[in-house]
Amino acid sequence: FMATEIEKVFGKTIEVSTLSQAKDLKEMAACIEKGEKEINEKKRGEKESRNKEVVRQFSLPQSLKSIWIDCNISVQRNDSYKLFFVFEFDRQSKPERIEQAWNLLTQQQDCFRLSFQYDRQDVWGRIIPAQYETLSCTDISDDEREHVFEHFFLQPLPYDADKLYRIQLFHLPDGRFELCLLIHHLIFDGLSYAIISKQLHHLYHHLDDPQDQGTEMVSYQDYIEWKTNQGAHSRKESAFWKNYLEQAEPLRIPKHQNDD
């Protein structure tokens, strides 16, 4: 019971066997401090490990290059590619667990770590290593909700930024949480939302069970390669039908004749 209360109040997980060795409150405080230090060291080690990952860079299909070029024309054009989504969590949810689930998601889905670079008259995709992201949680009233969301949507989202999304957690009066995502269409669409929402909630409910979190990394570069191959397949089909129809005679439709 005490270990559970400590986790609620301090946000620290302390083993029951460790607490049972404490003779007084001073030793118990030392246990909590030691647990916090171990957690911070673990987070620092994970961050250093992620920072050692290699930055990946790859070419883009023409369709994505066209969107990037369109965004380059004006701020208004770029703003038209902003997308807004909300992930809902019930009143029993804990903001720190939502934060942990979000960071696991960005590790598994590298589209959230994708940016674009213009180099030698060409546009390249660039995926950076995952870094832990702290989510701030803001209390809002029902009357403020619409205005706050509108203000959030109007924030700039440059197409050439290192991060092509903004994320913010809001706490509603009835206890529910809403995780708002403002993201660029270069890396996200409506179909992606359903997939990401399902994965995010799955990670939230399985934070204490790493084996059921799913460890498969979803690569945006794999999607690019698939899309490029689809383009090659379409060109092959187009060439076939063009060659096939070259010998076909035009269809002659008789003109309509008036009775008079």
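Residue numbers count from 1 along this sequence. Note that this is a predicted model, so its numbers are computed, not measured.
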Same cluster for [X] and [Y] if Ile/Leu/Val/Met/Phe/Trp/Tyr side chains link at under 4.5 Å?
X	Y	value
Phe170	Leu83	no
Leu64	Phe58	yes
Leu114	Leu182	no
Tyr118	Val75	no
Ile167	Phe84	no

[atom1]/[X] to [atom2]/[Y] distance, rounded to the nearest 0.5 angstrom?
X	Y	atom1	atom2	result
Gln92	Lys94	CD	NZ	11.0 Å
Ile127	Arg113	CD1	CZ	7.0 Å
Leu200	Ile195	CG	CD1	13.5 Å
Ile187	Ser192	CD1	OG	9.0 Å
Ser141	Arg145	OG	CZ	11.0 Å
Lys82	Leu186	NZ	CG	13.5 Å

Show me the donor-acceptor pairs, under 3.5 Å and distance only, between side chains in residues 148-164 and residues at least two apart or in other chains.
residue, atom, partner, partner atom, Å
Gln155, NE2, Phe152, O, 3.2
Tyr159, OH, Asn72, OD1, 2.3
Lys163, NZ, Glu133, OE2, 2.9

Inset, instruction - Take Asp139 and Leu172 through the side-chain contact (heavy atoms from CB on, under 4.5 Å) test and state the conclusion after the steps. - result: CA-CA 6 Å; Asp139 292 319; Leu172 304 180; over 6 Å; no
Legend entry - Evaluation steps, side-chain contact (heavy atoms from CB on, under 4.5 Å), between Phe87 and Leu181: CA-CA 8 Å; Phe87 304 98; Leu181 174 68; 3.9 Å; yes
Are [X] and [Y] side-chain neighbours, meaning at least one heavy-atom pair lies under 4.5 Å?
X	Y	answer
Thr138	His171	no
Leu203	Gln108	yes
Arg126	Arg56	no
His201	Ile196	no
Trp124	Leu60	no
Trp68	Lys65	no
Cys71	Arg77	no
Asn78	His184	yes

Inset, instruction - Could you walk me through whether Thr134 and Glu99 pass the side-chain contact (heavy atoms from CB on, under 4.5 Å) test, one step at a time? - result: CA-CA 7 Å; Thr134 301; Glu99 178 182 301; 3.7 Å; yes
Please name the pair of heavy atoms, one in [X] and one in [Y], separated by the smallest distance, quoted to 0.1 Å.
X	Y	result
Gln131	Asn103	O-OD1, 3.8 Å
Tyr204	Ser93	OH-CA, 3.0 Å
Gly190	Phe85	CA-CZ, 4.2 Å
Ile67	His185	CD1-CD2, 4.3 Å

Legend entry - Tyr165, Phe89, Tyr132 screened by ring pair (Phe, Tyr, Trp, His ring centres under 6.0 Å) with Trp102, the one that passes: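 The residue from Tyr165, Phe89, Tyr132 that satisfies ring pair (Phe, Tyr, Trp, His ring centres under 6.0 Å) with Trp102 turns out to be Tyr165.
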Legend entry - Salt bridge Arg176-Glu178, side-chain N to carboxylate O under 4.0 Å: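 Looking at Glu178 together with Arg176, the answer is yes, because their closest N to O distance falls below 4.0 Å.
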Inset, instruction - Go through Val86 and Leu179 one step at a time and tell me if the side-chain contact (heavy atoms from CB on, under 4.5 Å) criterion holds. - result: CA-CA 6 Å; Val86 177; Leu179 183 63; over 6 Å; no
